[in-house]
Amino acid sequence: MNKNTKTVWLGGAAAAAMVAAAGYVYRSRRQGKSPNPLRRLFPVFALPEPTGPYAIGTFEEHLVDGSRQENRRGTLPEGDGPREVPLTVWYPADTSAAAAAQPERYPAALGECLSLVFGLPRRWFGHLSRVSTHAFRRLPLSGGESAYPVLLFSPGIRSTRFQSLTLVEELVSRGYIVIGMDHPYTSAEVKLQGGRAAAYVHEPSFAHSSELHAYNVGEIAVRAADARFVLDTLERWNAAGSGHPLSGRLDLERAGLLGHSYGGATAVQALAADERFAAALSLEGGFWGEAPSGPLERPFMYLLTGETERALDPNDPKREKVVYPEWTEEAEQAMGSSRSDTLFAVVEPFYHQSFTDVAYVSPRLFAHKATPERTSEITRAYAVAFFDRYIKSIRSELLGQDSEAFPEVRYDRKLTRIADQEKETRA
């Protein structure tokens, strides 16, 4: 997605929050109630329970890629030390091990990210520290399976690897190890070695969209290289005698990627560039890089929001410029020329941030046309169905055909092709 075209919407979110807060203060004072609008706008919430059989363990790692030099989004003429990639690992654990443990709370990084993305005061998100996740630090890895498939998650621009915990927790409870990556200088602020902070660096201004497009190609290449470096590291962890807690327990023959926005672009680029990845899911990302220039060789799914689909209609009088000019051509080229299964679906009540947890953070400001519960239910269901099919070989009725259980989701027949279903139709 074109980052420069989101400023109108993001500024609107901040303005709407300010107006809502002022209105609530006025009404509260007239009614003799507490005038603190934050209690109503930003309630302490409960994440939806994961539906799989596993509990969730977690730990963090900090990787340093000595083969690449950091250039801070090209703002430095020379390298600034080796490239660093902070990680959070979520993995399946036994429910009995979690019974006596204390769950992790939402990290402060999410509040920092939301403040940056929506232009709202950071203190407004202080309630997140009171929200419990379903993850428990350093639980033993479950013995339910000898090894678990691995999914790498890449967040959106100015965002954080913690942005979509409802989705991550669901996937882990279903038997996946999920590795959340942050990408310094395109993620929100992250900590580097020695305690240094790597804050988001804005992209330069460009006179022409083609220049911005070329710049994004380069930026996504850096992120895709992060993903490939993480996979290299996982291979070392998994080796016999590595001493790592996950040694021998990572099924890297079944590795996939998923991401939102800039992270979705990262996922499809890494899929195109590295045959070790078996499948990828993009939650409304771009197609900057190798993906549109050559056929995809492995399964790929794309979820587009209804709001963005309307923005693609040049005849819509309320059309907002929320995608870059080359998007339609590149999406059709990447998916239409694929040599593997492709799935393209539109989720009608969603807008761009619906694939994150923001609807829970403030339902009044960010839920829009779908409740937080329904938003996460849809995203979880289709992500699980996709990866179960193409990573675990478990078929799902949700893939490739519209479902009565999820009338909000409709497939684009032109860009959706599943070989097994085509054979059944011809038969």
Side-chain angles (χ1 to χ4, degrees), residues 1-2 5-6 8-10 12-13 16 48 117-118 156 163-164 166-167 170 258-261 263-265 267-268 281-287 300-324 327-328 330-332 334-336 341-387 389 396-418 421:
M1 311 308 291
N2 187 340
T5 59
K6 288 193 168 54
V8 172
W9 189 92
L10 296 179
V117 169
F118 292 106
Q163 67 164 60
S164 303
T166 54
L167 174 57
E170 178 68 9
L258 69 157
H260 169 241
S261 193
V268 67
L281 167 64
S282 175
L283 305 172
E284 199 162 272
F287 289 90
F300 175 62
M301 184 173 193
Y302 191 101
L303 294 181
L304 182 76
T305 67
E307 182 177 276
T308 298
E309 182 189 43
R310 287 186 290 278
L312 293 169
D313 182 0
N315 299 315
D316 187 342
K318 298 182 179 179
R319 180 175 183 258
E320 289 187 50
K321 187 180 178 183
V322 296
V323 292
Y324 60 94
W327 183 88
T328 299
E330 291 185 343
E332 292 179 352
M335 302 191 72
D341 290 357
T342 57
L343 300 98
F344 188 107
V346 177
V347 189
E348 179 51 44
F350 278 21
Y351 69 104
H352 190 62
Q353 297 295 338
S354 296
F355 294 117
T356 73
D357 292 341
V358 294
Y360 286 96
V361 173
S362 180
R364 287 176 174 268
L365 295 181
F366 304 134
H368 290 201
K369 298 179 182 179
T371 66
E373 294 76 17
R374 186 60 172 172
T375 297
S376 58
E377 182 183 14
I378 293 170
T379 305
R380 286 167 143 193
Y382 282 84
V384 168
F386 174 73
F387 286 115
R389 170 66 179 86
S396 172
E397 295 299 319
L398 293 182
L399 297 184
Q401 56 192 3
D402 296 344
S403 168
E404 292 183 0
F406 295 98
E408 304 94 333
V409 181
R410 52 184 169 77
Y411 283 95
D412 182 317
R413 301 301 172 190
K414 178 181 177 182
L415 299 179
T416 298
R417 185 177 71 253
I418 300 178
Q421 290 181 357

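The figures that follow rest on heavy atoms only: side chains count, while hydrogens, waters and symmetry mates do not.
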Given 3.5 Å as the limit, does a donor-acceptor pair link the side chain of [X] with the main chain of [Y], or not?
X	Y	answer
E397	S403	no
T342	F300	no
Q353	F366	no
R389	V384	no
S164	F355	yes
S376	E373	yes
D402	P407	no
Y302	G285	yes
H352	E307	no
T379	T375	yes

About how many Å separate CG of L303 and OG1 of T308, when rounded to the nearest 0.5 Å? 12.0 Å
About how many Å separate OH of Y382 and OG of S396, when rounded to the nearest 0.5 Å?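 One gets 8.0 Å once the value is rounded to the nearest 0.5 Å.
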Using every non-hydrogen atom in the two residues, find where [X] and [Y] come nearest and quote the distance to one decimal.
X	Y	answer
T166	Y360	CG2-CE1, 4.0 Å
G286	V268	O-CG1, 3.9 Å
M301	Y411	CE-OH, 3.8 Å
L304	L312	CD2-CD1, 4.2 Å
L343	L399	CD2-CB, 3.8 Å
P372	A359	CG-O, 3.3 Å

Are E309 and R410 within salt-bridge range, i.e. N to O under 4.0 Å?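 Looking at R410 together with E309, the answer is yes, because their closest N to O distance falls below 4.0 Å.
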N-O pairing of K414 and E332 below 4.0 Å: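 Yes, charged N to carboxylate O under 4.0 Å.
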Counterpart residues, ring pair (Phe, Tyr, Trp, His ring centres under 6.0 Å), relative to F387 (two or more places apart): none
Mind telling me whether H368 and Y351 have parallel, tilted or perpendicular rings, with 30° and 60° as the class edges?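 Aromatic pair Y351/H368 classed parallel.
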Given E348, which partner from the list K369, R310, R374 fulfils the salt bridge (charged side-chain N to carboxylate O under 4.0 Å, His left out) test?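 It is R310, the one option of K369, R310, R374 that forms the salt bridge (charged side-chain N to carboxylate O under 4.0 Å, His left out) with E348.
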With E330 via salt bridge (Lys or Arg N to Asp or Glu O under 4.0 Å) - residues at least two apart: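 Per chain and number, E330 pairs via salt bridge (Lys or Arg N to Asp or Glu O under 4.0 Å) with no residue.
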Flag the pair [X] / [Y] as yes when at least one side-chain heavy-atom distance between them is below 4.5 Å, and no otherwise.
X	Y	value
F350	E284	no
F287	S282	no
L167	L283	yes

Does the pair F118 and L365 meet the rule for a side-chain contact (heavy atoms from CB on, under 4.5 Å), with working shown? CA-CA 11 Å; F118 292 106; L365 295 181; over 6 Å; no
